[in-house]
Amino acid sequence: MNTNAVVDNIRTILIDRYAVEPGLTPQTPFEHLDLDSLVMLELAVLIEKTYGVSMTGEELSAAGNVAQVATLITTNGG
Amino acid sequence: MNRTAVWQGIGAAVPSRVVTNAELSTMLDTTDEWIRTRTGIRTRRWAEPGTTTGDLATLAGRRALDSAGVDSVDLVILATSTPNHSMPGTAPEVAAALNLGNVGAYDISAACAGFLYAMSSATGAIAAGVAETVLVIGADLWSTWLDPEDRSTSIIFGDGAGAAVFRAGERGEPGSVLGFDLGSDGGHRELALVPGGASRARAESASGGRYMALQGKEIFTHAVRRMSESSAGLLDRVGWGPDDLDWCVGHQANLRILHMVADVLGVEHQRLLVNIDRVGNTSAASIPLALHDAVASGQLSAGDRVLMTTFGGGLSWGSAAVTWPRLPGLHPAA
């Protein structure tokens, strides 16, 4: 799986679905994005649907940014 | 076997008192904006003192009987987790209040999933020839079981009742019930429960715990997964693809859960039936109340393919597939 494609997809989800500023970079910390407490839970569902990789909201929060989440997804094979 | 339950009437009842987010924000550390964005709820109904679950159930039941054009049934099944008493069940009291004579009547406890469990029992009774007509009611009055200082529950739950009359009929006619998927996971019962007031508290001589306790974040993930998996399995068995559905009515617990379930299933958001903004989470009443409101607003038409899916404490979940019947005019819920 292409990590750059995963990064682009997750960036698109955050920008389109959660109105995050388009200036979002793969390294922008999630904590700077003003996301509410349910977003990571929802993102986990969308990631499982798209890539077949099961992760918890806590794991996504701990990953901290889009680049690290993409690395987790590709490492886990999805 | 072609004999199955056919939906013949629907009724609903909610208390007249509207509780707004603004009112709750004067009592709890919350705001209208916080509640709306996290849950989709704008108002809910709470009963005035003196009203019981049985009262709401009776009112909804009467309206369902009127909608169906019948004044007798063979069986009454009431789904509730807030019964009038721990013992006996509330269904016999409701049956008596509705002047239904000495018909069989019993409660089902499956929390927010209760209505579909009761509906499956009714369908089974009809298919087995135990009954020709069944009144199924989902009713809960959670407002008196909420800790007034607990933001996680007080903003979510509302009181209400929804009811349906089912008659024996054939698969394929409008209103016919085509199938169910039911499931449970008691290993996660702590995610939504009332700790006290029953056998475990007595066995352990525990005191207190008379309020509903909810672990909302954990419930969110389980709810999305179970409702989407249950729905997908049922759709597969019934032979409907996501694009075949006219409507999907999910348990009205949280608008964002409903949107996630739709996204996983591949169902467009505009095909979701939603009334959580007006009534909050009404537990066992949720599915029939949402259907009732959709009939009243003209969304549902005879022959529409409807998927119902629900999830609640237990954990318990379930889904049902129905083709919508032709129904006469309805009495408003409030």
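The model shown is predicted, which means the values in this text are computed figures rather than measured ones.
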Pairwise distance CE(A/Met40) to NZ(B/Lys217) - rounded to 0.5 angstrom
10.0 Å
Look up atom OG1 in B/Thr221 and atom CG in A/Leu38, then write down how far apart they are to the nearest 0.5 Å.
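Between B/Thr221 OG1 and A/Leu38 CG, I get 9.0 Å after rounding to 0.5 Å.
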Would you mind checking which part of A/Ser37 comes under 4.5 Å of any heavy atom in chain B, side chain (CB onward), backbone (N, CA, C, O), both or neither?
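When you check distances to chain B, atoms from both the backbone and side chain of A/Ser37 fall under 4.5 Å.
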[X], [atom1] atom: more than 12 neighbouring heavy atoms under 6.0 Å:
X        : atom1 : answer
B/Arg151 : CZ    : yes
A/Asn2   : CG    : yes
B/Arg271 : CZ    : yes
A/Asp34  : CG    : no

Would you call B/Val264 and A/Leu46 a side-chain contact if the rule is heavy atoms closer than 4.5 Å?
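Side chain of B/Val264 against side chain of A/Leu46, heavy atoms only: no contact under 4.5 Å found.
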Note, A/Asp36 side chain near B/Arg256 side chain (heavy atom, < 4.5 Å)
yes
At a 4.5 Å cut-off on heavy atoms, which part of B/Val224 comes close to chain A: side chain, backbone, both, or neither?
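Side chain only.
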Under 3.5 Å, side-chain donor or acceptor atoms of residues 15-23 of chain A against the rest of the protein: list the pairs with distances, not counting sequence neighbours.
residue	atom	partner	partner atom	Å
A/Arg17	NH1	B/Asp263	OD2	2.6
A/Arg17	NH2	B/Asp263	OD2	2.8
A/Tyr18	OH	A/Glu42	OE1	2.7

